[in-house]
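Report on one structure; see the data block that follows.
Since this is a predicted model, take the numbers as computed values, not measurements.
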Amino acid sequence: DKTLDYILVIAKVKKSTGTVVKTFSEKVYPKGSSMKWIDTYKLQSKGTYYLDCTIKCYKGGAVKETITAQSAKATY
C-alpha cells in the first residue's frame, strides 16, 4: 500500500533578507492521490517576500520523503 498516513506542511513567509514573518504548520491527510492545503496571511508592511516550504510525507510513523521548495520573490 503506497498511501501516505499524512503530510506535514511547514510554510514560512520570509522577507527578502530571510527573516521569517509567519510560519504555518499543518497536517494534511491525502484524499486519493492528491492533497490540499489553503491558508492566508496579511502582510504587515510593504517589502519583498517569498515562501519557503518543507513538506514531509509520513507512513507508519516514519518520514518517507521530504520535499523543499521556495517560491519566487514578490514585492508588495
> Between atom NZ of Lys14 and atom CG of Asp52, what is the distance when rounded to the nearest 0.5 Å?
Replying inline: 4.0 Å
>> side chain to side chain donor-acceptor pair (under 3.5 Å), that's the test. Do Thr48 and Thr75 meet it? Break it down for me.
In response: CA-CA 4 Å; Thr48 301; Thr75 302; 2.9 Å; yes
>> Measuring from atom OH of Tyr6 to atom CD of Glu26, what distance do you get when rounded to the nearest 0.5 angstrom?
In response: 12.5 Å
> Looking at CG of Leu4 and NZ of Lys59, how far apart are the two atoms once the value is rounded to the nearest 0.5 Å?
Replying inline: 7.5 Å
>> According to a hydrophobic-cluster definition based on side-chain heavy atoms being under 4.5 Å apart (Ile, Leu, Val, Met, Phe, Trp, Tyr only), do Phe24 and Tyr50 belong together?
In response: no
> Got a donor-acceptor contact below 3.5 angstrom from the Glu65 side chain to the Val63 backbone?
Replying inline: no
>> Let me confirm one number: the SG-CD1 distance from Cys57 to Ile67, rounded to the nearest 0.5 Å.
In response: 4.5 Å
> Tyr41: what forms a ring-ring contact (aromatic ring centres under 6.0 Å, His included) with it, not counting sequence neighbours?
Replying inline: none
> Any donor-acceptor pair under 3.5 Å linking the side chain of Lys27 with the backbone of Ile7?
Replying inline: no
>> Check whether Asp5 reaches the backbone of Gly60 with its side chain - one donor and one acceptor, N or O, closer than 3.5 Å.
In response: yes
> Under the criterion side chain to side chain contact (heavy atoms under 4.5 Å, CB included), which of Val9, Ile10, Thr54 is the partner of Ser25?
Replying inline: Ile10
>> Is the shortest side-chain heavy-atom distance between Ile55 and Leu8 below 4.5 Å?
In response: no
>> Do Val21 and Gln44 make a side-chain contact, defined as non-hydrogen atoms from C-beta onward lying under 4.5 Å apart?
In response: no
> Measuring from Tyr76:OH to Leu43:CG, what's the distance to the nearest 0.5 Å?
Replying inline: 7.0 Å
